[in-house]
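Structure record follows, encoded as structure tokens.
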2 protein chains.
Amino acid sequence: MLSHKAKYALKALLYLAEQDENHISRTIEIADGANIPKKFLEQILLDLKRGRFVSSKQGKFGGYYLIRSKNDITLAEIHRLFDGAIALLPCASLNFYEPCSDCKTEEECSLRHGLMIIRDETLKAMQGITIASLVKK
Amino acid sequence: MLSHKAKYALKALLYLAEQDENHISRTIEIADGANIPKKFLEQILLDLKRGRFVSSKQGKFGGYYLIRSKNDITLAEIHRLFDGAIALLPCASLNFYEPCSDCKTEEECSLRHGLMIIRDETLKAMQGITIASLVKK
DNA sequence: CTAATTCCTAGTAAATCGATAGAATTAATA
DNA sequence: TATTAATTCTATCGATTTACTAGGAATTAG
């Protein structure tokens, strides 16, 4: 399941993607528009900024704007930024790999192979969903 | 990601699936064989029993055994029993549906549709992985 | 009756989540 | 330069969940 953070991030990106080119959106504007607690959204926007999805202008008349194409941002990326691995266990993860402590050897782990199949399918599906694909009504 | 509970449950089912027909496995035997904390495993086996995946014999020489075909038990079912919804948000879930509180209307929710596509793909992949498919080396 | 096992209920320490608070920093403009 | 409006940063907090652990009751075979 997605965390609230990831969900809110997606909604915020959706909101930004719907704005005119060159429009800068204030946090409060996004919060109201997408029904997100403002202070919580602040943190999320900072995370999105650190992840180089958006950039910001500070001070009066400042705010946030997309710096990547909405056709380019996928659900998989947002999931990874906020909720981490897409695989069901770290030992089956591409980007968040960690060995399992309770398996004797990786070869012997009977789960890993199946989980990698699922990861591949889920990842493919998640990479197919972009901000642009969601925004169009 | 899978919880430890779900992971241990899968490993326990795998262990049971590898035993001879009519063999009854004690908790301690499964715990040692699959590297699972025994007391924790007790609870998990009870959950699996309530979910009608296994049954038990009580008292001395008691233990657990599979009551469903290993070809029939899928990762999707185990996920749902221990970790709940497969969809990324409750509003996109088949078995754990709940409306989102932060969407005005369900139609208007731009996330839901994309998440349902992902759910369908993930579910299909998860239903393709059975205990039997994992057990064979 | 005894030993070995499942079954049941609590409890607990640590982590995570969802948020809130408040102040520092930055920038536009009057 | 002072004011105002915004982002940015750091810290904290309460509730929930997670991953166990503990202890004992119930059950059964011999």
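So you know, we letter chains A, B, ... as the sequences are listed, proteins then strands, and number each from 1.
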field: Other residues, nucleotides, ligands: >12 heavy atoms within 6.0 Å of B:H113 NE2
entry: no

Once you round it to whole Å, what is the distance between [atom2] of [N] and [atom1] of [X]?
X     : N      : atom1 : atom2 : value
B:D83 : D:dT18 : CG    : P     : 8 Å
B:I44 : D:dA19 : CD1   : P     : 9 Å
B:I30 : C:dT5  : CD1   : P     : 12 Å
A:I24 : D:dT7  : CD1   : P     : 10 Å
A:K5  : C:dT16 : NZ    : P     : 12 Å
A:F40 : C:dG22 : CZ    : C1'   : 18 Å
A:K38 : D:dA5  : NZ    : C1'   : 10 Å
A:L41 : D:dT7  : CG    : C1'   : 12 Å

task: Output yes when A:K5 and A:D47 qualify as a salt bridge under the 4.0 Å nitrogen-oxygen rule, no when they do not.
output: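 Looking at A:K5 and A:D47, the cut-off is met.
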
task: Inspect the contact between B:R80 and B:E77 and indicate whether a charged nitrogen and a carboxylate oxygen are less than 4.0 angstrom apart.
output: no

At under 4.0 Å, does any side-chain N or O of [X] touch on OP1 or OP2 of [N]?
X     : N      : value
B:S56 : C:dT5  : no
A:Y64 : D:dT8  : yes
B:T27 : C:dT6  : yes
A:R50 : D:dT7  : no
B:S3  : D:dT17 : no

message: Please encode protein proximity along nucleotides 23-30 of chain D as a string of B, S and -, counting only heavy-atom distances under 4.0 Å.
response: BB--BBBS

Linking I/L/V/M/F/W/Y whenever any side-chain heavy atoms sit under 4.5 Å apart, do [X] and [Y] land together?
X      : Y      : result
B:V135 : B:F53  : yes
B:Y15  : B:F40  : yes
B:M116 : A:I118 : no

query: Got a donor-acceptor pair under 3.5 Å from the side chain of B:Q43 to the base of D:dT21?
result: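 Indeed, a donor on one side and an acceptor on the other fall under 3.5 Å apart.
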
- request: May I ask you to list the residues sharing a hydrophobic cluster with B:Y65, side-chain cutoff 4.5 Å, ordered by chain and number?
  value: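 B:I24, B:I67, which link up through side-chain heavy atoms under 4.5 Å apart, make up the rest of the cluster.
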
message: Please classify the nucleic acid contact of A:K49 as base, sugar-phosphate, or nothing, using heavy-atom distances under 4.0 Å.
response: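 Result for A:K49 = sugar-phosphate.
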
query: Base, sugar-phosphate, or nothing for A:Y8, non-hydrogen atoms under 4.0 angstrom?
result: sugar-phosphate

- prompt: Which nucleotide sits closest to the side chain of B:H4: C:dT6, D:dA19, D:dC9?
  reply: D:dA19

